Protein chains: 2
Amino acid sequence: MSAPTVYDVAERSGVSIATVSRVYRTPESVRAQTRERVLEAARELGYVPSGNARGLASRTTGVLGLCFPDYADPDAEADAEADSDADDAVMLYSDQIIRGMERAARRHGYALLIAASLEGGPESLVAKVAGRVDGFAVLAQTVPTEDLEVISRRLPVVMLAGPREIDHLDHIVVANADGERELTRHLIEDHGLRRLVFVGGDTDSPDAEARFRGFREACRDAGLPVPDEPALRTTMMKQAEGALAAETLLDRGGERPEAMLFANDQMAVGALRALARRGVRVPQDMAVTGFDGIPLGRIVQPSLTTVRQPIRRLGEQAVELLVQRLSDTGREPVSLTLPVSVIRRTSCGC
Amino acid sequence: MSAPTVYDVAERSGVSIATVSRVYRTPESVRAQTRERVLEAARELGYVPSGNARGLASRTTGVLGLCFPDYADPDAEADAEADSDADDAVMLYSDQIIRGMERAARRHGYALLIAASLEGGPESLVAKVAGRVDGFAVLAQTVPTEDLEVISRRLPVVMLAGPREIDHLDHIVVANADGERELTRHLIEDHGLRRLVFVGGDTDSPDAEARFRGFREACRDAGLPVPDEPALRTTMMKQAEGALAAETLLDRGGERPEAMLFANDQMAVGALRALARRGVRVPQDMAVTGFDGIPLGRIVQPSLTTVRQPIRRLGEQAVELLVQRLSDTGREPVSLTLPVSVIRRTSCGC
DNA sequence: ATGAAAGCGCTAACAA
DNA sequence: TTGTTAGCGCTTTCAT
């Protein structure tokens with residue numbers, strides 16, 4: 001009643017289990033006639049090689065993994081529900097990384113195991129992934145550093161879009177500061193704006209911090225006042241928080257800013273809505289920018305000026321690094337920075 | 001030098017391997033103090049439980065799988081390259097199914113293993129997936145039926161978006177015929193069009209055939225001539241073929257049609273471009289429709305009227321069926337049909 | 001080209 | 001609560 005094994009197939013086809021094994025690993029090493037007998041028996045019995053047993057015996061799985069955070073902007077989901085036409089527009093960061101990794105993994109003959117989770121410890125999906133792959137990529141802030149510490153001693157791990165955290169890991173980041181600096185420069189020089197405010201994220205978001213750094217650099221370069229801190233910080237960088245931030249900024253006394261730069265697109269989109277509700281015209285009365293390049297940014301009115309991250313590339317590169325390291329265990333840790341590009345749309349005045 | 005095992009951890013913490021195992025499976029069943037000792041030892045050694053060994057011993061992996069075809073419309077990719085702004089707009093069918101399955105799998109505590117491939121046989125990625133999961137979903141036309149035949153005798157398989165092929169499989173389809181009939185009815189009744197042509201796909205694409213069926217039903221219902229065959233068939237249903245089809249249809253003698261209905265969005269988008277090149281205005285001179293609801297359809301000019309498939313839902317439902325069947329092996333094969341909805345945009349004249 | 005035998009690292013009864 | 005003991009189904013030398 002249980003699943004057939006090499007033994008069953010071997011018996012039925014009158015060969016040894018070793019031969020059955022060979023048929024599935026190195027078909028050419030078995031005489032054609034024998035091979036046919038074996039495959040025939042396998043077909044009759046409904047034999048499917050156990051990946052687990054293979055992996056256990058050969059100490060390799062042929063699978064690469066990806067752990068990403070359980071981010072699901074509730075507002076974004078709401079969009080998808082309410083306006084079913086916007087459904088597919090909400091393509092998250094992680095979806096694109098998956099795309100990139102899958103393509104690259106396929107090229108190298110690997111399958112891809114994916115799992116989202118925020119919590120660590122034994123029991124976690126992270127642990128499950130780690131135990132079933134030859135190597136994997138992790139989005140920053142996904143897996144507790146202490147777990148990673150242990151895991152990365154046993155198999156290749158590449159950290160994506162965040163600080164390396166552990167110094168023997170490979171990691172890949174995007175040029176956050178460069179992008180925000182360039183974007184800010186554009187607002188200042190090309191649109192002649194001077195009163196800019198930056199809305200950041202939590203201090204422990206390296207991406208958001210790097211973007212703020214870029215903002216400051218541009219201010220400094222232009223001879224504008226350089227703030228020590230973002231005008232406002234949000235914790236989750238979601239749409240609702242962006243909306244709230246925009247309103248707070250409007251209601252705050254003093255001169256109204258000419259431009260609001262958000263640390264990510266989600267917040268900027270939320271802000272766009274809040275500003276519309278308050279009758280503030282974008283970009284005439286206020287320029288608004290985001291960061292990331294999510295598809296939603298192109299669909300909103302006005303379309304969002306932003307900085308595009310090469311997210312798919314991130315996934316592809318991750319696989320390349322993993323594959324490299326798998327074949328050369330001794331290689332020094334690598335650190336890559338992928339370039340970004342400013343996307344000028346309507347919300348900045350272009 | 002090799003990876004530490006339960007034995008190493010057991011020895012170091014002065015317990016038996018069974019206890020180490022328990023710490024990772026059912027932490028509460030171990031005295032807190034003992035548990036700490038074990039985890040401490042594990043940390044020091046860099047112990048990561050082997051998923052393979054676990055799976056082998058427990059006969060379960062905690063992983064669900066998805067096999068999808070190696071579809072990558074070269075034209076779509078070209079779009080992504082040429083107009084980097086359209087990059088993320090090109091979100092394929094499979095990406096959305098992955099999204100849906102991942103979400104649902106996560107809810108049930110499963111990770112998701114994904115792999116694309118067109119070829120079967122031993123050695124194939126399909127075989128790899130089959131051997132490493134508790135059950136998996138297959139997009140129609142992805143895995144050779146004979147492989148599926150064997151595999152599905154050993155673990156749950158659900159067929160997506162296509163005929164069941166093997167009668168003991170669960171399967172999920174979308175209401176292709178209903179959608180195309182409704183769309184066609186819209187063109188006829190609401191826009192008063194009468195000379196409609198349908199561009200289909202290969203005869204062995206069940207989706208395309210079902211859509212053609214819907215088209216015919218609407219023609220019949222409206223008292224229009226009912227064609228036996230699509231005006232044209234393409235093999236891969238890609239953009240280039242759609243463009244070619246549109247031109248062929250234009251150059252063909254006789255009265256020019258008032259509307260071209262394509263079996264999918266990719267072809268329709270290609271047609272839109274070809275028509276623009278030829279100076280045919282859409283929708284004034286010619287109505288054009290697609291099927292699928294890909295994001296690109298909203299971005300093209302004019303925006304594409306189409307039928308949206310609930311693709312994410314497809315993925316979610318697939319997981320539900322797999323999970324069900326995993327807990328109730330005896331259940332009768334299920335066949336679900338998910339409803340679709342007509343999306344009226346500009347290309348039909350709306 | 002094929003076979004024999006020894007693990008691979010874990011879980012799952014069953015004992016204690 | 002913890003330990004003992006069999007396997008789980010394959011790959012891998014080493015022979016033949």
Side-chain angles (χ1 to χ4, degrees), chain A residues 1-38 41-42 45-62 122-123 127-128 130-134 154-155, chain B residues 1-39 41-42 45-63 122-123 127-128 130-134 154-155:
Chain A
M1 183 52 220
S2 83
T5 74
V6 274
Y7 291 94
D8 303 314
V9 177
E11 186 177 358
R12 178 155 195 137
S13 52
V15 300
S16 73
I17 63 167
T19 298
V20 175
S21 177
R22 288 194 188 96
V23 167
Y24 284 87
R25 289 178 298 115
T26 52
E28 327 74 41
S29 74
V30 177
R31 190 158 35 114
Q33 184 188 326
T34 315
R35 194 195 314 145
E36 266 320 311
R37 274 223 314 285
V38 170
L45 292 170
Y47 169 70
V48 177
S50 154
N52 287 322
R54 298 180 90 146
L56 182 54
S58 66
R59 291 112 160 298
T60 153
T61 65
E123 299 305 277
K128 177 178 308 186
R132 315 198 73 91
V133 300
D134 292 338
R154 290 303 151 199
L155 50 86
Chain B
M1 185 52 225
S2 83
T5 73
V6 274
Y7 290 94
D8 302 314
V9 177
E11 185 176 359
R12 178 154 195 136
S13 52
V15 301
S16 74
I17 63 166
T19 298
V20 174
S21 176
R22 287 192 188 97
V23 166
Y24 285 87
R25 289 178 297 118
T26 52
E28 326 74 41
S29 74
V30 176
R31 190 156 39 110
Q33 184 188 326
T34 315
R35 193 195 313 148
E36 265 321 311
R37 276 221 315 284
V38 171
L39 286 174
L45 292 170
Y47 170 71
V48 177
S50 154
N52 287 322
R54 298 180 91 146
L56 183 53
S58 65
R59 296 119 158 299
T60 152
T61 65
V63 177
E123 299 305 278
K128 177 178 310 186
R132 314 197 76 88
V133 300
D134 291 339
R154 289 304 150 199
L155 50 86

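Just so it is clear, the structure is predicted and the values come from calculations on it, not from any experiment. Convention: sequence-line order gives letters A, B, ...; per-chain numbering from 1.
When each of A:Glu28 and B:Leu56 is assigned the nucleotide of DNA chain C with its nearest heavy atom, A:Glu28 is the one assigned upstream, toward the 5' end. Checking B:Thr19 against A:Thr60, the closest nucleotide of DNA chain D that is more toward the 5' end is the one next to B:Thr19.
Nearest nucleotide to the side chain of B:Ala18, out of C:dA4, D:dT4, C:dC8: D:dT4. Of the candidates D:dC10, C:dG9, D:dG3, the closest approach to any side-chain atom of A:Pro49 belongs to D:dC10. For B:Arg54, counting side-chain heavy atoms from C-beta on, the closest listed nucleotide (D:dC10, D:dT1, C:dT11) is C:dT11. Of the candidates D:dG3, D:dG9, C:dG3, C:dG3 carries the atom nearest the A:Val15 side chain, counting heavy atoms from C-beta on. Looking at the side chain of B:Arg31, the nearest of the listed nucleotides C:dG3, D:dT2, D:dC10 is D:dT2. Side-chain atoms of A:Ala57 lie closest to C:dG7 of the nucleotides C:dG7, D:dT2, C:dC10.
Rounded to whole Å, atom P of D:dG9 lies 10 Å from atom CG of A:Asn52. What separates CZ of B:Arg25 from P of D:dT1 is a distance of 14 Å, to the nearest Å. In this structure, the CZ atom of A:Arg35 is 10 Å from the P atom of C:dT2, given to the nearest Å. One can place CG of A:Leu155 at 15 Å from C1' of C:dG9, the figure rounded to the nearest angstrom. Atoms CD (A:Gln33) and C1' (C:dT2) sit 14 Å apart, rounded to a whole Å. Rounded to an integer number of Å, the gap from CD1 of B:Ile17 to C1' of C:dA13 is 13 Å. A straight line from CD of B:Glu11 to P of C:dC10 spans 14 Å, rounded to a whole angstrom. Between the OH atom of B:Tyr7 and the C1' atom of C:dC8 there is a distance of 11 Å, rounded to whole Å.
Counting any heavy atom pair closer than 4.0 Å across all strands shown, B:Val30 reaches sugar-phosphate atoms only and no base atom.
The side chain of B:Ser58 contributes no N or O atom lying less than 4.0 Å from OP1 or OP2 of C:dT11. The side chain of B:Arg59 places no N or O atom within less than 4.0 Å of a non-bridging phosphate oxygen (OP1 or OP2) of D:dC8. At the phosphate of D:dG9, neither OP1 nor OP2 sits under 4.0 Å from any side-chain N or O atom of A:Ser50. For D:dT12, neither phosphate oxygen OP1 nor OP2 lies less than 4.0 angstrom from any side-chain nitrogen or oxygen of A:Ser21.
The nearest pair of heavy atoms linking B:Ala10 to B:Ile17 is CB-N, 3.7 Å. In terms of heavy-atom proximity, B:Gly51 sits nearest to A:Arg132 at O-NH1, 3.2 Å.
Side-chain contact between A:Asp8 and A:Thr5 is present, with heavy atoms from C-beta onward closer than 4.5 Å.
A donor-acceptor contact under 3.5 angstrom links the side-chain atoms of A:Arg22 to the base of C:dG3.
With A:Val30 as the fixed residue, the side-chain contact (heavy atoms from CB on, under 4.5 Å) test singles out one of A:Val20, A:Val15, A:Val23: A:Val23.
At distances below 3.5 Å, at least one donor-acceptor pair connects side-chain atoms of B:Ser50 with backbone N or O atoms of B:Ala53.
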Decide side-chain contact (heavy atoms from CB on, under 4.5 Å) for B:Tyr47 and B:Leu39; before the verdict, give the C-alpha distance in whole Å, the side-chain angles of both, and the deciding distance to 0.1 Å. CA-CA 9 Å; B:Tyr47 170 71; B:Leu39 286 174; over 6 Å; no
